[in-house]
Amino acid sequence: MAFDKTFESYMNPKILVKLFTPPQILVNYIKESMAIAHKNFWVTISASLIFTLLLSTTYFSMIFLVFAIAYERETQNMLLGYLSLPIVSYFVCGFIRFYLRVVRGLSVNFKILFAGHRRYFQILILLAAYYTVYILLFKIAFFIQDYDKIMQIRIILGLVLFFWTIARLIFAPFFVIDADYNAREAMKASFLMTSGKTFKT
């Protein structure tokens with residue numbers, strides 16, 4: 001362990017990731033995912049339907065509270081997103097754990113979808129960060145009407161930055177659940193893993 005820390009102190013983490021990450025990992029991702037989904041077709045469909053039902057129920061249960069708090073449509077939408085995050089994060093934990101077992105060929109039980117994870121608050125932080133980036137770079141700008149050329153350029157740059165950020169952070173929740181990282185470590189690891197592969201990601 002001491003050797004590992006000493007080694008890492010002399011090596012740039014970005015270099016370490018490039019050395020130990022298979023070069024085709026993102027290129028093969030879709031092919032491998034399709035093969036796994038085909039092999040576990042009904043399990044995948046059932047889990048996705050359950051997850052969709054859980055999210056729909058969560059959003060629907062929050063609607064009346066949101067209506068009581070805000071009257072403007074866009075404010076209601078944003079509030080609905082933020083208020084539902086604690087529940088959504090809990091189910092995302094179970095969803096990731098479930099699919100990690102599917103990918104590894106381990107036995108699965110649908111109860112895992114409802115089991116959460118001890119790193120729940122780290123997932124909540126990540127999803128809150130994702131949603132905030134979405135609000136700031138995408139949603140607000142998208143609903144601005146009658147904007148001039150400068151605003152149009154800002155919107156385009158905001159969209160590019162939004163998709164770039166999401167691509168770089170896409171693996172962060174898996175680092176939290178699977179490697180027991182905190183939110184900050186998970187985001188850093190995801191950034192390093194996708195370094196030089198943002199477009200492919």
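Note that the CG atom of Leu127 and the CD atom of Gln122 stand 11.5 Å from one another [nearest 0.5 Å]. Note that CG of Leu79 and CD of Glu72 are 10.5 Å apart. Values are rounded to the nearest 0.5 Å. Distance CE/Met193 to CZ/Arg168: 12.0 Å, rounded to 0.5 Å. Interatomic distance, CG of Leu106 versus CD1 of Ile112, reported as 9.0 Å (0.5 Å rounding). How far OH of Tyr90 is from CZ of Phe121: 11.5 Å, rounded to the nearest 0.5 Å.
Side-chain N or O atoms of Gln76 include none that pairs as donor or acceptor with a backbone N or O of Val66 at under 3.5 Å. The backbone N or O of Asp180 sits less than 3.5 Å from a side-chain atom of Arg119, completing a donor-acceptor pair.
Taking 4.5 Å as the limit, every side-chain heavy atom of His38 sits out of range of all side-chain heavy atoms of Thr44. Taking the side chain as every heavy atom from C-beta outward, Val43 and Val108 approach each other to under 4.5 Å. Arg97 is not listed as a side-chain neighbour of Leu113, based on a closest heavy-atom distance of 4.5 Å or more. Proximity of Phe175 to Glu185: side-chain heavy atoms (C-beta onward) are nowhere separated by under 4.5 Å.
Under the 4.5 Å side-chain heavy-atom criterion for Ile, Leu, Val, Met, Phe, Trp and Tyr, Ile45 and Ile36 are members of distinct hydrophobic clusters.
Under 4.0 Å is where a charged nitrogen must lie from a carboxylate oxygen, and between Arg104 and Asp178 at least one such pair does.
Proximity of the aromatic rings of Phe98 and Phe110 is defined here by a centroid distance below 6.0 angstrom, and this criterion is met. Taking the six-membered ring for Trp, Tyr99 and Phe95 have ring centres closer than 6.0 Å.
Of the N and O atoms on the side chains of Tyr131 and Ser84, not one donor lies less than 3.5 Å from an acceptor on the other residue. Checking Thr132 against Tyr82 by side-chain atom types alone, a donor-acceptor pair falls below 3.5 Å.
For the side chain to side chain contact (heavy atoms under 4.5 Å, CB included) with Leu126, the lone residue among Pro173, Ser89, Ser190 that qualifies is Pro173.
Note: Phe174 and Phe171 have tilted aromatic rings, judged against thresholds of 30 and 60 degrees for the angle between ring planes.
Heavy atoms only, all atoms of each residue included: Ala167 and Thr194 are closest at O-CG2, 3.7 Å. Residues Ala70 and Thr75 come closest through the heavy atom pair CB-CG2, 3.8 Å. Between Ile123 and Cys93, the shortest heavy-atom contact is CG1-SG, 3.6 Å. In plain terms, the two heavy atoms of His117 and Val176 that are nearest each other are CE1-O, 4.3 Å.
Applying the side-chain hydrogen bond (donor to acceptor under 3.5 Å, both in side chains) test to residues at least two apart or on different chains, none of the pairs has a partner in residues 54-70.
Within a 6.0 Å radius of OH in Tyr181, other residues, nucleotides and ligands contribute 12 heavy atoms or fewer.
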**Prompt:** Taking it one step at a time, do Phe114 and Ile50 satisfy side-chain contact (heavy atoms from CB on, under 4.5 Å)?
**Reply:** CA-CA 10 Å; Phe114 304 90; Ile50 292 171; 4.0 Å; yes
**Request:** Assess whether side-chain contact (heavy atoms from CB on, under 4.5 Å) is satisfied between Met62 and Ile87, documenting all intermediate values.
**Result:** CA-CA 11 Å; Met62 294 284 178; Ile87 300 173; 3.6 Å; yes
**Message:** Using the rule given for side-chain contact (heavy atoms from CB on, under 4.5 Å), can you reason through Arg184 versus Ile125, listing the C-alpha separation, both sets of side-chain angles and the distance that settles it, and then say yes or no?
**Reply:** CA-CA 9 Å; Arg184 182 176 173 276; Ile125 291 169; over 6 Å; no
**Steps toward side-chain contact (heavy atoms from CB on, under 4.5 Å) verdict (Leu136, Phe162)** = CA-CA 9 Å; Leu136 294 176; Phe162 168 72; over 6 Å; no
